[in-house]
Amino acid sequence: RTAKDWIEYFRHGGQTAPHIICNPLSGAPAPTKSGDKQTYRGDHNVAAFKLCMAEFDDLTREEQIAFWMSPAARKLPVACLIDTGGKSIHAWLRVTGIHSLDDWDKEIKAKLYDQFLIPLGVDRACSSPARSSRLPGHLRGEKYQRILWMS
């Protein structure tokens with residue numbers, strides 16, 4: 001949907017799920033990783049590779065915030081930090097020069113995640129370009145999912 005279409009959708013009572021995939025999807029069916037069925041929201045459905053997501057499962061919220069404020073993290077191309085309304089802070093990192101799923105696997109998954117982020121404790125499942133993240137503005141229990149910082 002275009003921005004105009006989304007505005008009309010919400011004006012007429014439309015709602016969304018509490019998650020978002022940070023990369024745009026094609027809208028066309030594509031094979032799942034196993035190849036035995038079709039999906040509309042898998043890695044093969046990504047239309048443009050713009051962002052990747054990182055989250056820590058084993059750090060406290062305070063430790064996560066401290067990491068994202070550290071000199072090492074400041075070298076990363078952080079686009080935004082999202083408070084999930086739970087224990088996690090989701091970071092969206094900008095990626096450039098990625099034009100295919102093969103590029104993603106070689107440059108983002110193998111280098112950024114496997115060599116840098118995963119050894120720091122980032123959840124391995126985040127290395128998918130179609131990974132879902134919490135959508136700011138949704139209520140999770142009694143807390144809102146919200147943007148903490150945006151570049």
Side-chain angles (χ1 to χ4, degrees), residues 1-7 9-10 16-138 140 145-151:
R1 292 183 174 133
T2 65
K4 180 182 174 186
D5 291 341
W6 277 113
I7 291 167
Y9 176 74
F10 290 127
T16 63
H19 296 90
I20 188 171
I21 295 174
C22 56
N23 286 307
L25 302 178
S26 67
T32 58
K33 284 184 183 180
S34 64
D36 62 343
K37 53 186 169 180
Q38 300 279 301
T39 184
Y40 286 90
R41 58 180 203 100
D43 291 350
H44 293 281
N45 301 96
V46 174
F49 301 87
K50 297 177 181 239
L51 298 160
C52 63
M53 205 269 283
E55 74 170 304
F56 293 93
D57 283 337
D58 298 327
L59 297 180
T60 66
R61 189 174 184 283
E62 291 74 22
E63 290 169 329
Q64 292 173 62
I65 291 170
F67 171 78
W68 292 113
M69 293 176 61
S70 73
R74 280 186 255 156
K75 294 178 183 176
L76 293 169
V78 177
C80 70
L81 297 173
I82 298 169
D83 180 341
T84 66
K87 68 173 189 155
S88 291
I89 305 297
H90 288 187
W92 290 8
L93 309 173
R94 276 191 259 6
V95 300
T96 57
I98 306 301
H99 305 290
S100 69
L101 194 51
D102 284 340
D103 289 348
W104 180 279
D105 288 342
K106 290 175 192 168
E107 297 300 320
I108 304 303
K109 187 176 182 313
K111 292 182 181 175
L112 178 62
Y113 284 94
D114 292 348
Q115 293 178 18
F116 182 70
L117 293 175
I118 291 170
L120 290 174
V122 166
D123 182 356
R124 179 176 305 280
C126 291
S127 65
S128 164
R131 176 73 175 176
S132 66
S133 181
R134 294 283 175 172
L135 180 63
H138 270 271
R140 182 178 187 192
Q145 299 167 173
R146 61 192 174 101
I147 294 175
L148 295 177
W149 183 85
M150 184 178 283
S151 68

Taking His138 for the side chain and Ala17 for the main chain, is one N or O donor matched with an acceptor at less than 3.5 Å? yes

All heavy atoms of Ile21 vs all of Pro129, minimum pair found to be CG2-O, 4.1 Å

Kindly say whether Ser133 contributes a backbone atom to a donor-acceptor pair with the side chain of Gln145 at under 3.5 angstrom? no

Quick check: do Asp114 and Arg124 have side-chain heavy atoms less than 4.5 Å from each other? yes

Can we say Asp123 and Arg131 salt-bridge, meaning some charged N sits less than 4.0 Å from an Asp/Glu carboxylate O? yes

Does Arg140 CZ have over 12 foreign heavy atoms under 6.0 Å away? yes

Taking only Lys NZ, Arg NE, NH1 and NH2, and the carboxylate oxygens of Asp or Glu, determine whether Arg134 and Glu55 approach each other closer than 4.0 Å. no

How far does OG1 of Thr39 sit from NZ of Lys33, to the nearest 0.5 angstrom? 11.0 Å

Measure the spacing between CE of Met53 and CD1 of Ile20 and express it to the nearest 0.5 Å. 11.5 Å

Interatomic distance, OG@Ser100 vs NE2@His44, rounded to 0.5 Å, equals 11.0 Å

d(Ile108 CD1, Asp103 CG) to nearest 0.5 Å is 9.0 Å

From Lys106 NZ over to Ile98 CD1, what is the distance, rounded to the nearest 0.5 angstrom? 10.5 Å

Step by step, would you call Phe10 with Thr16 a side chain to side chain contact (heavy atoms under 4.5 Å, CB included)? CA-CA 9 Å; Phe10 290 127; Thr16 63; 3.5 Å; yes

Asn45 side chain vs Ser26 backbone, donor-acceptor pair below 3.5 Å: no

Quick check: do Glu107 and Leu112 have side-chain heavy atoms less than 4.5 Å from each other? no

Run the side chain to side chain contact (heavy atoms under 4.5 Å, CB included) test on Trp68 and Leu148 for me, step by step, so that the C-alpha distance in whole Å, both residues' side-chain angles and the decisive distance to 0.1 Å come before the verdict. CA-CA 11 Å; Trp68 292 113; Leu148 295 177; over 6 Å; no

Donor-acceptor under 3.5 Å (Ser88 side chain, His90 main chain): no

Between Gln115 and Ala110, what is the shortest heavy-atom contact and its length? CG-O, 3.4 Å

To the nearest 0.5 Å, how far apart are CG in Leu81 and OG in Ser151? 9.5 Å

Can you see which heavy atom on Pro136 is nearest to which on Ile147, and at what distance? CG-CG1, 3.5 Å

Within a strict 4.5 Å, meaning less than it, do heavy atoms of the Pro24 and Lys50 side chains meet? yes

So, Trp104 side chain and Ser127 main chain: donor-acceptor pair closer than 3.5 Å or not? yes

Indicate yes or no: at least one non-hydrogen side-chain atom of Ile89 is less than 4.5 angstrom from one of Arg61. yes

Taking all heavy atoms of Cys52 and all of Val95, pick out the closest pair and write down the distance. SG-CG1, 3.9 Å

Flag yes if more than 12 heavy atoms outside Tyr40 fall under 6.0 Å of its OH atom; otherwise flag no. no

Quick one: does any side-chain atom of Lys87 pair with a main-chain N or O of Asp58 as donor and acceptor, under 3.5 Å? no

Donor-acceptor under 3.5 Å (Asn23 side chain, Val46 main chain): no

Write down the atom of Ala54, the atom of Leu117, and the distance for their closest heavy-atom approach. CB-CD1, 4.4 Å

Step by step, work out the side chain to side chain contact (heavy atoms under 4.5 Å, CB included) result for Trp92 and Val78. CA-CA 6 Å; Trp92 290 8; Val78 177; over 6 Å; no

Around atom CZ of Arg94, are there more than 12 heavy atoms of other residues, nucleotides or ligands at under 6.0 Å? yes

